[in-house]
Amino acid sequence: MKFGIFYELSVPRPFENGIESKVYHDSLAQIRLADEVGFDTVWAVEHHFLEEYSHCSAPELFLTAAAMCTERIRVGHGAVVCVPEMNHPVRVAERAAVLDILSNGRLELGTARSSTWTELGGFEADPDTTKKTWDEFVRTIPKMWTEERFSHQGVCFSMPERAVLPKPVQRPHPPLWVTVTSPGTELDAADRGLGALGVATAGFEEQERRLKEYRRRIQLCDPVGSVVNDQVATLNFLYCDEDLEQAARYGNALIGQFGQANSHLLFTREAYPTRAYGLLANISPGGGRRRTPAETNPGQSVNLPEGMAIGDPDRIVEVIREWESLGVDQVNFMLNALECIPQERVLNSLRLFGEHVIPKFSASD
Amino acid sequence: MLIGTTPLEQLVSELPTIPNWDIEPVVLDGVEILQAQFELAATNIEQLLPPALHPTIPPLGHWSCWEVPDSPWGSFKLVKFRLSCRSGARPRTFLLGAFIDNQEAQQNLSNNWGLAARQAKISFVRSYDAAEFNVIVNKQLALDVKLRNPESLATADLQLFASMQGANTPSGVRLVQFDPSYEVNRTERYTPTIDHFAPHVWQREGIDPVYAVTAWGANTTIHLPKIRFVCRPDIDAFRGTESVAKP
């Protein structure tokens with residue numbers, strides 16, 4: 001079992017008095033500690049225009065800073081948005097290669113297509129085509145990394161032969177992932193030999209169902225890259241405290257604040273009817289399967305996820321054992337939301353996790 | 001976090017009254033719907049919502065028109081203007097104004113579901129390559145929406161949201177969750193323009209539809225159910241939601 005920390009870089013209003021700077025620098029301090037105590041990966045998303053929810057619009061810069069102040073932890077550029085109005089695929093390949101070089105071969109590259117109208121609309125991207133453009137990106141980026149010169153005649157971009165430089169240091173190339181929000185995307189990942197990077201918190205039963213099919217399909221995959229990344233990661237929240245009452249207090253605040261910030265987002269399907277965006281998983285307000293009338297109660301919290309890593313170290317070990325038994329390879333944790341947990345408590349939570357939980361899942365355990 | 005800031009009584013000048021919860025569900029067959037969705041200028045958008053609700057970013061205005069060929073109250077056309085929002089974590093819309101062309105339907109929608117609509121002349125036209133609807137209030141054009149370039153969609157591609165509408169209810173002044181269910185028989189997407197929108201006629205001065213997102217049309221059967229939930233307008237839905245009838 002591997003452990004990661006996962007950053008949306010949420011920033012509470014008002015956006016003044018250096019709060020954005022504080023969030024960025026506190027996060028780097030957390031990453032330094034995570035590196036020391038044994039976490040495997042730090043992930044940072046790419047989002048645009050998502051007020052409060054995520055101010056992480058240039059993750060490659062943030063992750064470069066993270067790589068420069070750490071020695072061991074891998075840097076997960078996850079996920080870069082594979083929509084040409086936001087990123088040209090050549091620029092994605094170039095930036096990722098530079099990050100792989102600067103981190104001495106510690107890059108993991110996640111790919112995504114954005115799920116909000118807030119973002120797609122902001123770039124005037126066509127929601128009908130993002131799945132196709134994502135597919136074209138993931139099929140071409142490994143070639144840009146591994147072929148001396150690359151040319152392409154495609155749908156979302158074309159280019160004459162050029163050397164895409166620099167090349168990443170990992171051979172044959174850094175591991176590739178796709179973020180999984182909508183149910184079914186894990187199958188797109190499997191069919192292409194990509195890791196499934198869960199970014200919507202899913203319960204045990206749902207995760208088990210998805211995992212089983214992913215494992216079956218990836219055996220039959222036609223990989224887009226030179227290597228198959230047969231890994232499944234799931235997203236979780238972490239607040240570890242020896243005082244269970246404090247753990248519950250801050251852990252529930254973390255989940256609640258994340259949910260509140262998330263609820264402001266305008267999801268693509270909500271604004272723009274299209275078959276390219278199915279019902280979202282539980283990351284979207286009211287998303288997921290069609291709801292029964294009883295489930296339309298606005299007074300109920302939606303989808304309070306099971307299996308969250310909130311509690312004292314013993315309880316968290318139990319929860320992770322459950323994830324492990326399902327076959328999940330990596331659990332990525334969000335540590336804070338809208339600064340609802342003071343920095344010292346976040347750092348203490350990381351220390352406790354590193355001291356009491358990670359050793360229970362080490363290879364020799 | 002952004003939350004609504006204006007008391008409901010200030011947002012809705014004349015709250016409709018639901019005298020009791022003894023509501024008979026109604027089924028409306030063969031309803032044609034046209035809906036245009038525009039982003040609104042976001043400045044102070046929270047002033048358009050009561051404290052129970054919070055806005056989406058960006059705010060989305062929904063202008064929709066129902067052409068109902070038959071109902072217990074006869075045929076009618078209804079135009080609603082709603083604002084995207086959240087009630088708790090649920091996606092909802094908040095009713096900012098409505099017009100209708102049938103007095104009996106007006107009374108029943110108001111008395112049973114708290115849907116306050118004013119009388120107006122409403123035009124609804126749908127042809128093979130375009131559609132449009134407009135609203136004329138006291139000979140003044142209040143809204144003129146044109147839809148072009150229809151593209152067929154699968155009926156499952158459409159996602160429809162309940163609206164929250166202010167009313168005097170047996171429980172007091174509440175936001176009533178108007179939550180019809182829809183059987184969609186046909187749907188298509190359009191490119192919309194709003195050729196005219198007179199915010200003062202809607203008593204919504206300052207609202208500016210600034211960016212066309214999309215539009216859609218549909219043929220549906222609409223089930224108007226009993227009211228299931230109401231919310232106190234002054235506190236968030238997690239604390240202020242009350243159950244009215246079992247689903």
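Here the structure is a predicted model, which is why all the values come from computation and not from measurement.
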Discussion item. For B:Glu242, which atoms come within 4.5 Å of any heavy atom of chain A: side chain, backbone, both, or neither?
Written reply: neither
Discussion item. Check A:Glu270 with B:Arg86, please: is the shortest side-chain N to carboxylate O separation under 4.0 Å?
Written reply: yes
Worksheet item: For A:Lys132, does the NZ atom sit with more than 12 other heavy atoms under 6.0 Å from it, leaving out its own atoms?
Response: no
Practice prompt. Name the option with the most non-hydrogen atom pairs under 4.5 Å to chain A; the candidates are B:Met1, B:Glu39, B:Gln37.
Written response: B:Met1
Practice prompt. Anything under 30° is parallel, anything over 60° is perpendicular, the rest tilted; go ahead and classify B:Tyr211 against A:Trp117.
Written response: tilted
Worksheet item: Shortest non-hydrogen contact from A:Thr118 to B:Pro58?
Response: OG1-CD, 3.6 Å
Response to the item:
Sorted by chain and residue number, the side-chain contact (heavy atoms from CB on, under 4.5 Å) partners of A:Arg13 (sequence neighbours excluded) come out as A:Phe15, A:Glu51, A:Glu52, B:Leu2, B:Ile57
Worksheet item: Looking at residues at least two apart in the chain, or sitting in another chain, which of them share a side-chain contact (heavy atoms from CB on, under 4.5 Å) with A:Ser10?
Response: A:Ala337, A:Leu338
Item to complete: Taking atom CD of A:Glu16 as the centre, report whether more than 12 heavy atoms of other residues, nucleotides or ligands fall under 6.0 Å from it.
Response: yes
Discussion item. Does any part of the side chain of B:Gln159, heavy atoms only, come nearer than 4.5 Å to the side chain of A:Pro273, both counted from C-beta?
Written reply: no
Fill in: OH-CZ distance between A:Tyr272 and B:Arg189, expressed to the nearest 0.5 angstrom
3.5 Å
